[in-house]
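In what follows, every heavy atom counts, from backbone to side chain, and hydrogens, waters and symmetry copies are set aside.
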Amino acid sequence: MLTCREMSELGSEIIDGHLRFSTRLAVLMHQRMCPRCKLYIKQLKLTAEVLQQLPLGDESVDSQAILD
């Protein structure tokens with residue numbers, strides 16, 4: 001069975017669907033037993049969906065101003 005740490009490390013692959021069959025089964029089993037990881041993956045998916053909805057602007061970003 002996967003640990004919570006392994007679930008967090010696989011987060012991107014889980015939401016992108018880039019898992020081998022055996023790993024996907026292990027993820028599903030872990031999520032059934034761990035409500036915290038189930039919520040974590042749900043939040044990752046929601047975040048990815050929201051970010052995909054944002055318009056891409058042509059303006060350059062002043063990263064130094066953001067960091068200050």
Side-chain angles (χ1 to χ4, degrees):
M1 183 163 135
L2 294 174
T3 65
C4 294
R5 178 180 297 253
E6 290 169 323
M7 288 288 289
S8 68
E9 291 170 357
L10 288 171
S12 295
E13 289 86 358
I14 293 169
I15 63 170
D16 291 338
H18 298 140
L19 295 174
R20 294 184 328 211
F21 180 75
S22 60
T23 306
R24 193 173 8 174
L25 286 178
V27 165
L28 291 173
M29 287 180 58
H30 184 93
Q31 285 182 316
R32 288 181 63 97
M33 299 177 71
C34 183
R36 289 177 41 201
C37 285
K38 184 176 183 176
L39 179 61
Y40 171 70
I41 298 302
K42 183 178 178 178
Q43 289 174 334
L44 279 180
K45 287 180 181 180
L46 180 60
T47 301
E49 290 170 6
V50 169
L51 289 175
Q52 288 176 356
Q53 303 278 330
L54 294 176
L56 294 176
D58 292 333
E59 308 90 33
S60 63
V61 175
D62 185 359
S63 57
Q64 188 59 42
I66 293 172
L67 295 174
D68 289 335

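For the residue pair Ala48 and Ile15, the shortest heavy atom distance occurs at CB-CD1, 4.0 Å.
Side-chain atoms of Leu10 and Leu2, non-hydrogen and from C-beta on, do get closer than 4.5 Å to each other. Counting heavy atoms from C-beta on, the side chains of Glu9 and Arg5 come closer than 4.5 Å. The shortest side-chain heavy-atom distance between His18 and Ser12 does not fall under the 4.5 Å cut-off.
Through side-chain heavy atoms spaced under 4.5 Å, either directly or across other Ile, Leu, Val, Met, Phe, Trp or Tyr residues, Leu54 is tied to Leu51.
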For the pair Met1 and Met33, evaluate side chain to side chain contact (heavy atoms under 4.5 Å, CB included) and give the outcome as yes or no after the intermediate values. CA-CA 10 Å; Met1 183 163 135; Met33 299 177 71; 3.7 Å; yes

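Cluster annotation: Ile41 is connected to Leu19 through the hydrophobic network of ILVMFWY side chains, with a link wherever side-chain heavy atoms come within less than 4.5 Å.
Taking NE2 from His30 and NZ from Lys38, the interatomic distance works out to 12.0 Å, rounded to the nearest 0.5 Å.
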